[in-house]
Each structure stands twice: as C-alpha cells, then as structure tokens.
Amino acid sequence: MKEVISTTNAPAAIGPYSQAIKAGNLLFCSGQIPVNPATGEIPEGIEAQTRQSLANVKALLAAAGCGIENVVKTTVFLADMSLFAPMNAVYAEEFCEPFPARSAVAVRELPKQVLVEIEVIASI
C-alpha cells in the first residue's frame with residue numbers, strides 16, 4: 001500500500017506526480033529543485049541552489065516524520081558537471097556518515113533552468 005506525503009513547506013507538484021510516496025518502510029521523494037516554497041524565488045549560484053533543494057528535501061522528510069539521517073539513496077542532477085565540486089561541498093555539510101548511496105549526473109536541462117535537482121529515498 002502506498003501513502004501520499006505532501007507539505008506546503010516544499011514546492012507543490014507541477015504535474016501528475018506526488019511530492020513523496022511512502023511505501024512500506026520506504027519514502028520516495030520526487031526531485032526537488034531550488035524553488036523557495038514561500039516566495040517562488042530561485043536563488044542564484046550552485047551553492048545556494050543546492051541548499052534550497054536540500055531544504056525542500058528536508059521539508060518532505062519532516063512531513064513523513066523522519067529526517068536527513070534516514071536518507072539511504074540520493075540522486076543529484078546537475079545542469080553541468082563542472083558544478084559538481086561546489087554542489088558536493090554543500091552536500092557534505094548536510095549529510096554525515098554513514099553517507100547515503102549517491103548518483104550524480106549531468107543532464108541537458110532542468111526545470112526552470114535551475115542548476116541542480118535532488119531526489120532521495122529514505123528508510124522510515
């Protein structure tokens with residue numbers, strides 16, 4: 001059985017998908033782009049955008065009753081692989097050992113021309 005998880009503290013879904021789905025003891029969070037849910041603004045620069053994307057992820061995790069420490073897998077989508085090092089520095093501030101498994105890929109384009117999108121799977 002699956003349960004929809006949603007919160008106004010993360011950007012609303014803009015298509016036919018859920019912000020997050022709880023299935024058993026796993027939480028699957030849709031990719032979070034760096035949109036401030038209160039203002040709709042997108043910060044400038046990869047560091048600020050990574051922080052906002054992770055803030056949105058944390059809001060979804062909180063809505064499901066867990067936190068960043070529950071994340072077991074992340075996927076990071078970058079507009080350009082040259083952004084990896086500064087994204088990784090911010091990412092390292094948010095996660096601690098044991099670090100979640102991670103994939104990081106460069107894609108041709110992201111929604112709203114943002115520089116980063118982050119999706120996670122958490123164990124709850």
Side-chain angles (χ1 to χ4, degrees):
M1 177 172 264
K2 64 183 181 179
E3 174 187 348
V4 174
I5 304 295
S6 63
T7 178
T8 57
N9 295 324
I14 55 173
Y17 64 91
S18 298
Q19 286 177 309
I21 292 287
K22 179 182 174 187
N25 68 339
L26 293 176
L27 181 69
F28 299 87
C29 295
S30 293
Q32 294 300 300
I33 62 173
V35 174
N36 180 315
T39 66
E41 294 179 8
I42 298 169
E44 289 191 34
I46 186 61
E47 292 92 346
Q49 287 195 16
T50 301
R51 282 188 185 86
Q52 183 63 59
S53 291
L54 288 170
N56 295 341
V57 165
K58 289 193 278 187
L60 287 174
L61 294 169
C66 63
I68 200 93
E69 68 278 359
N70 296 91
V71 174
V72 296
K73 171 71 168 84
T74 67
T75 304
V76 178
F77 303 95
L78 295 166
D80 189 302
M81 199 51 88
S82 68
L83 303 170
F84 180 84
M87 174 282 299
N88 198 49
V90 173
Y91 182 99
E93 295 171 5
E94 297 292 337
F95 291 97
C96 59
E97 292 190 29
F99 297 110
R102 179 179 74 185
S103 301
V105 297
V107 296
R108 183 170 181 190
E109 187 175 2
L110 289 166
K112 299 184 179 275
Q113 287 68 54
V114 299
L115 302 174
V116 64
E117 179 174 353
I118 301 172
E119 67 179 28
V120 305
I121 300 171
S123 177
I124 54 177

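Keep in mind the model is a prediction, meaning the values are calculated, not measured.
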message: Do Phe77 and Ile118 have side chains that approach each other closer than 4.5 Å (heavy atoms only, starting at C-beta)?
response: no
message: Same cluster or not: Val120 versus Phe99, using hydrophobic residues (I, L, V, M, F, W, Y) connected whenever any side-chain heavy atoms lie under 4.5 Å apart?
response: yes
message: As an exercise, state the distance from NZ of Lys58 to OG1 of Thr7, rounded to the nearest 0.5 Å.
response: 14.0 Å
task: Could you check Glu94, Glu44, Glu93 and say which one makes a salt bridge (Lys or Arg N to Asp or Glu O under 4.0 Å) with Arg51?
output: Glu93
message: Just to verify, what does Pro43 make a side-chain contact (heavy atoms from CB on, under 4.5 Å) with, not counting sequence neighbours?
response: Pro34, Ala48, Gln49, Gln52
task: Please report the closest heavy-atom contact between Phe95 and Ile68, naming both atoms and the distance.
output: CE2-CG1, 3.4 Å
message: Are Glu69 and Cys96 packed together at the side-chain level, in the sense that at least one heavy-atom pair is separated by less than 4.5 angstrom?
response: no
message: What I'd like to find out is whether the side chain of Lys2 reaches to under 4.5 Å of the side chain of Phe28, using heavy atoms alone.
response: no
message: To check you understand the geometry: which heavy-atom pair defines the closest contact between Glu119 and Cys29, and what is its length?
response: CB-O, 3.5 Å
- prompt: Under a single-linkage definition using a 4.5 Å side-chain heavy-atom cutoff for Ile, Leu, Val, Met, Phe, Trp and Tyr, are Leu83 and Leu54 assigned to the same hydrophobic cluster?
  reply: yes
Tyr17 to Ala12 - nearest heavy-atom pair and separation: OH-O, 4.5 Å
field: Least distance between heavy atoms, Pro37 atom then Ala10 atom
entry: CB-C, 3.6 Å
message: Do Leu27 and Ile5 make a side-chain contact, defined as non-hydrogen atoms from C-beta onward lying under 4.5 Å apart?
response: yes
field: CG on Asn70 to CG on Leu26, rounded to 0.5 Å
entry: 11.0 Å
- prompt: Any side-chain heavy-atom pair from Ile46 and Leu78 closer than 4.5 angstrom?
  reply: yes
field: Closest contact, heavy atoms only, Thr50 versus Tyr91
entry: CG2-N, 4.4 Å
Value rounded to 0.5 Å, distance of CZ in Arg102 from CG in Asn88: 4.5 Å
message: Quick check for you: to the nearest 0.5 Å, what is the distance between Met81 atom CE and Met87 atom CE?
response: 8.0 Å
task: Look at the side chain of Gln113 and the backbone N and O of Pro111, then say whether any donor-acceptor pair between them is shorter than 3.5 Å.
output: no
field: Non-hydrogen side-chain atoms of Val76 and Phe84 separated by less than 4.5 Å
entry: no
task: List in chain and number order the residues that pass side chain to side chain donor-acceptor pair (under 3.5 Å) with Asn36, two or more places apart in sequence or in another chain; answer none if no residue qualifies.
output: none
query: How many angstroms lie between atom CG of Asn56 and atom CD of Gln19, to the nearest 0.5 angstrom?
result: 9.0 Å
query: Are Leu115 and Leu110 close enough that some pair of their side-chain heavy atoms sits under 4.5 Å apart?
result: no
task: Measure across Val71 and Pro100 and return the closest heavy-atom pair with its distance rounded to 0.1 Å.
output: O-CB, 3.5 Å
task: Treating Ile, Leu, Val, Met, Phe, Trp and Tyr as nodes and any side-chain heavy-atom pair under 4.5 angstrom as an edge, say whether Ile124 and Leu61 lie in one connected cluster.
output: yes
